[in-house]
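Take a look at the structure set out below.
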Amino acid sequence: MIKSENLSAVKEVTIRDIWEAKKRITPLVHKTKLLHSNLLSQKHQSQVFLKLENLHDTGSFKIRGAANKILSLTEAEKQNGVTTFSTGNHGMAVAYVAKQLGIKATVCISNRVPEVKVQKLKELGAEVVIVGENQDDAEAHCYELEKDRGMTVIKPFDDPYIISGQGTIGLELFEDLPNVDTVIVPLSGGGLLSGVGFTLKTINPSIEVIGVSMERSPVMYESLKANRPVVLKEQPTLADSLLGGIGLNNQYTFNMVKKYMDDVVLLTEEEIAEGMFYMLKNHRMGIEGASATGIAALLSNKVVRKDKNIAIIISGCNVDMSLLLQIGLNHLEK
Ligand SMILES: *Cc1c(COP(=O)(O)O)cnc(C)c1O
């Protein structure tokens, strides 16, 4: 039997894959709104739009890649179920999509993962297996499940189906804003930026793609500087969904980010908090730190573009309520 793993190792993402992904995920994933932001537009003398990926079921864009990957499995693979070692937005998306399709999902986590996250995953219908002390143990267990039980590991970013799923955001952007000039994309493992960057630049190479990350442990940024995947010690950050390595064996996203990203900007914790507060105050929406990095880049003037159509990807909303309210109150007092 040829495993999808072996096939995917030779597969290059094409624009046809993105269109196929759009068709495939349509029953599970709705199109998101592109919201005009008045204040940011005035400040930059540009037209600034927010692509509201925080409004999906499970609260992030990760549902796109997870749906595209799981829906493209063979019947036999679906029968055997899927597994992942992510406890964050990707893990939730995998659990949600699998449940919708009646497929068994097993999320492997370490004993360090907080109970609230475990509860959330169980609510979404996943089986949660607690193994070992850290993320590496959990990951190793996933691959054992693949070997022993034929389950498919759903990787968080370094997979052409995941990248293509995230790329559907690019198609939606063209539908609503055909003359987009600049797109600002939160960057971690690079599945989002690879998909969106590839799609936009394939259709119009002059579109500018800017990656945004936090100053604290930006692994893709440091990897691009070193011209190979590097490992960094993780520091606590408001943009926790952007933490994590890119894989020392990275097959796709490292090269795609290198090819499709024009510029990258790093944000401080205070700047990220300002971005979160901006959304809360002006749009009455609570978003997580990772997805506030794009707004932060404009608010801090680390990205300045005049007379342009700028789209910012607002990637997710999974943030602890008390943290969000605390940021809101702190900024109101200023
Ligand atoms: C995963 C995630 C990102 C980064 O996506 P990558 O494909 O890993 O670069 C950004 N924002 C949120 C909210 C996420 O969950």
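In what follows, residues are counted from 1 in the order of the sequence shown. One-based numbering, in listed order, for ligands and for the atoms of each.
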So, regarding Pro186 and ligand 1 (criterion: nitrogen or oxygen to nitrogen or oxygen, under 3.5 Å), is there a contact or not? no
Side chain, backbone, both or neither: which part of Asn89 has a heavy atom under 4.0 Å from ligand 1? side chain
Shortest heavy-atom approach to atom 7 (O) of ligand 1 - which of Gly189, Cys317, Gly191, Gly244: Gly191
By number and element, which atoms of ligand 1 are closer than 4.0 Å to a non-hydrogen atom of Glu288? 13 (C)
Hey, are Arg305 and Ser46 close enough side-chain-wise for a donor-acceptor pair under 3.5 Å? no
To check your reading of the model: name the closest protein heavy atom to atom 11 (N) of ligand 1, its residue, and the distance in Å. Ser315 OG, 2.7 Å
Atoms in ligand 1 flagged as close to Gly316, the criterion being non-hydrogen separation under 4.0 Å: 13 (C)
Decide whether the shortest distance between a heavy atom of Leu242 and an atom of ligand 1 is less than 4.0 Å. yes
Short N-O contact, Glu20 and Lys23, less than 4.0 angstrom: no
Say whether Thr152 and Glu77, considering side chains only, have a donor N or O and an acceptor N or O under 3.5 Å apart. no
If you scan protein heavy atoms around atom 9 (O) of ligand 1, the nearest is Gly190 N, 2.7 Å
for atom 5 (O) of ligand 1, nearest protein heavy atom and its distance come out as Phe61 CZ, 3.5 Å
For a quick check under 3.5 Å, do Thr237 and Glu269 share a side-chain donor-acceptor pair by atom type? yes
In terms of the angle between their ring planes, are Phe49 and His36 parallel, tilted or perpendicular, with boundaries placed at 30° and 60°? perpendicular
Answer with yes or no whether the side chains of Ser291 and Glu288 bring together a donor and an acceptor at under 3.5 Å. no
Side chains of Asn227 and Lys258: is there a donor and an acceptor less than 3.5 Å apart? yes
Is it true that Arg64 and Glu53 have a side-chain N and a carboxylate O under 4.0 angstrom from each other? yes
Under 4.0 Å from any heavy atom of Ala290, which atoms of ligand 1 are there? 11 (N)
Heavy atom to atom 1 (C) of ligand 1, shortest distance: which of Gln166, Met92, Lys62 holds it? Lys62
